[in-house]
Amino acid sequence: MSNVHHPRNTYGADGTYVDVHNAETLPHGVPQDREGAYRAACEATVPAVPAMPPEPPGPALPRRADGPPYATATVTVTATDTDTATPTGRAARRRRTRDAERADSPMRRLLPLLPLVPQALVVAFLAGGTTAFVAKDKAVELTVDGKPRTLHTFADDVGELLAEEGVRVGAHDMVAPSPGTALAGGDEIAVRHGRPVRLTLDGRRHEVWTTARTVEEALGQLGVRAEGAYLSVSRSRRIGREGLALDVRTERAVTVMADGRARTVRTNAATVGEAVEEAGITLRGQDTTSVPSGSFPRDGQTITVLRITDGREVREEAVPFPVRRTDDPALFRGTEVVERAGRPGLLRVTYALRTVNGVRQRPRRVRTETVREPRAQVVRVGTKPRPASVRGADHLDWQALAACESGGRADAVDPSGTYGGLYQFDTRTWHSLGGTGRPQDASASEQTFRAKKLYIRRGATPWPHCGARLQN
């Protein structure tokens, strides 16, 4: 594009005014002389004014995102002749001056920059938004289960940050500071997830939660004394989110009494039997302890070892015979006659004997064998009314006679076994008087009645040593 501005009207070489844009246009193929005349009129120039020194280059304008750099408008002013020009030349000169002033006006200078205005406004808007954007952005450190990382976040509080990062927390988890705490740049947030622990402590089972990451840390958090304790897993064992089962047996003082001596040991044994072994005591045979050997030993507990000796013993024992009674109308009331004597049975019994620490315990029956069955005794019981008296003998002192013969005992039997009862009847005499069975088995009243009958028959002769007592 030429930097020379051709005004619409100009003057020809002879000073006449020429309207170059309304000049006659030659048709195609006209003679050369007419074409030259036309060119001379159109190309007439005025003396050029001295050129202005070039302005230093300004700052480059920014490129548009969708095309070439913004175009710039260049205005060139072509001067006319001196002030002595004709009125027509002065008018043209005034028009040129006015056009130049328009070209140099502030508005004219701003026109090429109009395409830049929207982008500038956007840049200014974005600059303000960026300031707010940067002000909201915060750099914080988030540590989850011991793993730290630095984050940039627009979250307003801890809970919003955890939600953005997909960190879910539950009732057994620990968050410091709490989820509702406001966030600021440089804050440190720690999250520890809870882990279930199936803890068996000194024989008692517990279901607990901990945020510790290792067994040793968990023991400290739960307040478990680990010095001298037995642990089912290593103290350095890491606890995963799924948790673990942990058996802890703390050290305890246990006293063991055995063979007359007391031994106190410090142990983390799981059973009483293990504690007894640690005390250097060996159980033999039927030996046992005062508490179940499989139970858990408690701190300060005293355990007694029981030395046991077992044995067997066989004994024969009598079995009492039963008695069957039948009524006999031939016998006076109150009279009982043994028709068939009973015989006891016999058992063979086996007993278990036990001695504990030298003391014999009560025998325990373990086996019974019948050697002989018992035989029942048959007794006849009199139902006949007894006579009131025996005439001629009632006035005698029968009590004194009985005291002399048998000591007043109705069941008395002499050493030979021949005589029995109050009045020492022999069996033959007794039967002759109407008695049955043995005299010593009859009642005292029946024996006295039979003695009176014997006195009526024979007097005091049957009692040669004591008969005189009847006359007292």
Side-chain angles (χ1 to χ4, degrees), residues 133-254 266-275 278 294-299 301:
F133 182 87
V134 172
K136 292 281 287 182
D137 182 36
K138 294 174 282 291
V140 298
E141 183 176 275
L142 176 61
T143 302
V144 180
D145 287 337
K147 297 179 180 178
R149 53 192 173 123
T150 301
L151 305 171
H152 284 268
T153 181
F154 297 99
D156 294 326
D157 56 35
V158 173
E160 187 176 344
L161 171 66
L162 297 180
E164 286 181 359
E165 297 300 319
V167 179
R168 300 178 62 183
V169 294
H172 302 290
D173 300 333
M174 184 275 291
V175 180
S178 61
T181 305
L183 278 180
D187 282 352
E188 296 180 357
I189 301 93
V191 177
R192 282 194 171 190
H193 289 293
R195 293 152 168 81
V197 177
R198 293 172 295 281
L199 174 64
T200 303
L201 178 61
D202 290 341
R204 293 187 174 94
R205 188 167 181 176
H206 310 271
E207 297 289 338
V208 297
W209 285 82
T210 179
T211 56
R213 297 192 300 272
T214 65
V215 170
E216 185 170 14
E217 186 180 354
L219 293 176
Q221 194 177 86
L222 298 173
V224 177
R225 178 171 52 87
E227 295 181 6
Y230 162 83
L231 303 178
S232 59
V233 297
S234 171
R235 297 190 185 191
S236 60
R237 168 80 175 272
R238 297 191 66 83
I239 306 176
R241 292 285 299 277
E242 70 281 359
L244 56 73
L246 176 61
D247 185 8
V248 180
R249 300 196 298 269
T250 60
E251 190 176 65
R252 286 143 284 136
V254 176
R266 299 196 65 83
T267 179
N268 54 27
T271 63
V272 167
E274 292 179 6
E278 290 183 13
S295 62
F296 193 87
R298 305 295 174 187
D299 188 34
Q301 187 176 27

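Note that the structure is predicted; figures quoted are calculated from it, not measured.
- Residues D247 and T200 have side chains that never bring a donor and an acceptor to within less than 3.5 angstrom of each other.
- Counting only heavy atoms from C-beta outward, the side chains of N268 and T250 never approach each other to under 4.5 Å.
- In this structure, Q221 contributes its side chain and A218 its backbone to no donor-acceptor pair below 3.5 Å.
- Here D137 contributes atom CG and F154 contributes atom CZ; the two are 4.5 Å apart, rounded to the nearest 0.5 Å.
- Salt-bridge formation is detected for the pair R192/E217: a Lys NZ or Arg NE/NH1/NH2 atom is positioned less than 4.0 Å from an Asp or Glu carboxylate oxygen.
- Two residues are said to be in side-chain contact when any heavy atoms from C-beta on lie closer than 4.5 Å; T214 and I239 fail this criterion.
- At least one donor-acceptor pair closer than 3.5 Å links the side chain of R252 to the backbone N or O of A269.
- For E274 (side chain) and A270 (main-chain N/O), a donor-acceptor pair under 3.5 Å exists by modelled atom type.
- Ion pairing between R195 and D145 holds under the 4.0 Å rule for side-chain N and carboxylate O.
- Residues R249 and E251 are not paired through a salt bridge, judged by the lack of any N-O separation under 4.0 Å between the basic side chain and the carboxylate.
- In this structure, R266 does not pair ionically with E278, as no charged nitrogen and carboxylate oxygen lie closer than 4.0 Å.
- Between D173 and T211 there is no side-chain heavy-atom pair separated by less than 4.5 Å.
- In summary, of the residues considered (L222, V248, V208), a side chain to side chain contact (heavy atoms under 4.5 Å, CB included) with L201 occurs for V248 alone.
- Using a 4.5 Å heavy-atom cutoff, the side chains of D156 and L183 are not in contact.
- In this structure the side chain of R149 never reaches within 4.5 angstrom of the side chain of E141, judged on heavy atoms.
- Residue I189 holds its CD1 atom at 8.5 Å from OG1 of T143, rounded to the nearest 0.5 Å.
- One N or O on the side chain of K138 and one on the backbone of A155 form a donor-acceptor pair closer than 3.5 Å.
- V144 has its side chain within reach of L142: a pair of non-hydrogen atoms, C-beta onward, lies under 4.5 Å apart.
- To the nearest 0.5 angstrom, D187 atom CG is 11.5 Å from D157 atom CG.
- The OG atom of S232 sits 8.5 Å away from atom CZ of R237, with the distance rounded to the nearest 0.5 Å.
- With sequence neighbours left out, H172 forms a ring-ring contact (aromatic ring centres under 6.0 Å, His included) with W209.
- The backbone N or O of L219 sits nowhere less than 3.5 Å from a side-chain atom of R225 that would complete a donor-acceptor pair.
- In plain terms, the two heavy atoms of V140 and L161 that are nearest each other are CG2-CD2, 4.0 Å.
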